[in-house]
Amino acid sequence: MQAADGVFDFDSALKIVLEHAASLTPQQSETIPLLACRGRVLAAAVFADRDQPPFDRSTRDGFALRAGDAASPLKVVGLVRAGEQWEGSGLETNAAIEIMTGAPVPAGADAVVMIEHVERDGDTVRLIEGREIRREQNIVPQGSEARAGQTVLPSRTTIEGAEIALAASCGCTNLEVFRRPKVAVIATGDELVDLADTPGPQQIRNSNSYGLAALIAHAGGEPVQLAIAQDRRPELEATIRAARSCDLMLLSGGVSMGKYDLVEEVLQSLGAEFFITGVWMQPGKPLVFGRLPASGEFPAQYFFGLPGNPISTQVTFHCFVEPMLRASSGTGAQPPRFLQATLAEDVSGKAGLMRVLPARWTPDRVRPEVRVVGWQGSGDLAANARANCYAVLPPDRERFTAGDVITILLR
Ligand code: AMP
Ligand code: MG
């Protein structure tokens with residue numbers, strides 16, 4: 001059953017999803033240990049707790065000196081290691097202090113010359129013929145990376161290794177991050193059995209719930225797997241009601257035109273609005289996107305009805321669910337990750353439908369190349385696992401030749 005005339009081309013469908021995504025507000029926050037924050041989104045800015053660097057820092061092993069003195073031989077009057085402070089008063093003229101990378105530059109010195117650029121003879125050093133030294137060379141001034149109290153990581157930043165290192169340098173043992181949105185996963189289908197059960201000859205294991213749970217976690221959500229729903233109205237309705245406490249609901253299967261594809265019908269009976277009931281793409285055409293109204297203790301809830309064929313499920317997740325999920329995890333509405341790559345082999349598309357084919361790309365620095373992976377259609381999980389991206393072929397062309405630049409969807 002078609003709930004409304006809501007079938008769109010890919011770009012229009014994505015625009016609709018991104019508009020709804022932009023209206024989402026992130027969850028409440030929680031404070032968790034620094035190392036648990038990878039992949040999470042900051043709910044409160046991180047500040048520098050002191051100047052960075054905290055002192056004028058030498059970036060070389062060498063000699064601290066006054067650049068203006070460097071034309072003459074200089075007397076070495078001391079040594080300062082990383083972690084030490086040179087205790088003497090200001091550096092006298094025509095003197096130098098041996099210094100290590102990461103050590104504070106002694107007062108009075110205005111440059112550090114690298115050890116490779118001087119000749120040393122006892123306690124005298126001189127610049128090697130042809131070498132020069134400018135003021136401030138090889139010194140990073142105190143506070144030049146950040147001043148004490150300055151924001152170094154704004155709220156809404158996604159935390160990865162770079163951010164964890166920066167937060168650690170500011171002394172943060174914990175960070176305040178947004179709670180991960182809870183995403184309900186409902187697999188529908190009379191043929192499905194769970195992993196704990198042995199499938200009969202005509203039964204299929206519920207792989208979608210597992211694939212989706214992994215993709216949800218990767219995109220910043222907390223998956224909540226519900227029991228498999230049979231293709232019967234009362235059972236489907238009960239499972240949908242059980243998913244109302246989550247922030248977002250994903251259903252897989254039951255959205256095509258078959259006699260037992262009941263997902264839209266049941267959602268409609270619960271008062272759902274439908275924004276999208278199909279997209280001109282393959283795989284993925286039967287995608288459904290809508291919202292259940294607030295009822296009782298539950299606020300309005302967005303849902304996606306994803307086609308049940310496992311590759312269709314994953315492709316539509318990357319294209320439409322992921323932007324929505326990232327928005328409710330706090331990073332704002334972002335489109336799927338597309339990239340341009342050069343086709344390594346000829347490939348054919350299909351007029352009228354945008355095609356999304358499992359493919360492998362080589363993340364080459366100069367010229368990323370992509371070739372599609374042979375597959376048996378949108379149920380072929382083995383082909384999907386041999387792929388590392390999807391080739392996106394526009395609907396207005398049937399033949400693509402090696403050397404053509406096409407769009408790929410990263411995953
Ligand atoms: P449907 O969208 O319900 O018509 O299902 C399309 C195809 O996907 C059928 O071959 C189903 O058996 C298969 N399928 C549906 N749901 C799942 C699932 N949770 N795991 C694996 N395959 C599924
Ligand atoms: Mg089905």
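Read the numbers this way: they start at 1 and go in the same order the structure lists the ligands and their atoms. All values derive from a computational prediction rather than experimental measurement.
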Residues [X] and [Y] bridged, charged N to O under 4.0 Å:
X: Glu30; Y: Arg40; answer: yes
X: Glu160; Y: Arg38; answer: yes
X: Arg134; Y: Glu136; answer: no

Region of Ile228 engaging ligand 1 - heavy atom pairs below 4.0 Å: neither
Selection from Gly211, Pro310, Ser256 by shortest heavy-atom distance to atom 22 (N) of ligand 1: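 Looking at heavy atoms only, the winner is Pro310.
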Among Asp261, Asn208, Thr188, Val185, closest by any non-hydrogen atom to atom 17 (C) of ligand 1: Asn208
[atom]: which protein heavy atom is closest, and how many Å away?
atom: atom 12 (O) of ligand 1; value: Glu191 OE2, 2.5 Å
atom: atom 14 (N) of ligand 1; value: Gly308 O, 3.3 Å
atom: atom 6 (C) of ligand 1; value: Asn309 N, 3.6 Å

Heteroatom distance test (Asn206, ligand 1): nitrogen or oxygen, under 3.5 angstrom: yes
Test of proximity, Gly254 against ligand 1: N or O pairs below 3.5 Å: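 Such a contact does occur with ligand 1.
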Those atoms of ligand 1 less than 4.0 Å from some heavy atom in Ala187: 19 (N)
Arg205 neighbourhood, listing ligand 1 atoms whose heavy-atom distance to it stays under 4.0 Å: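 By the 4.0 Å cutoff, the relevant atoms are 20 (N), 21 (C).
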Heavy-atom gap Ser252 to ligand 1 smaller than 4.0 Å: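 Yes, that is the case, since the closest heavy atom of the residue is under 4.0 Å from the ligand.
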Ser207 to ligand 1, any heavy atom closer than 4.0 Å: yes
Aromatic contact, Phe274 with Phe303 (centres under 6.0 Å): yes
Pairwise side-chain contact, Pro283 with Asn309, heavy-atom cut-off 4.5 Å (strictly under):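 A side-chain contact is absent here, since even the closest heavy-atom pair is not under 4.5 Å.
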Worked verdict on Glu322 versus Leu215 for side chain to side chain contact (heavy atoms under 4.5 Å, CB included): CA-CA 8 Å; Glu322 206 176 309; Leu215 294 177; over 6 Å; no
Test item: side-chain donor near acceptor, Thr157 and Glu163, under 3.5 Å: no
Asp247 and Ser328 side chains, donor-acceptor separation under 3.5 Å: no
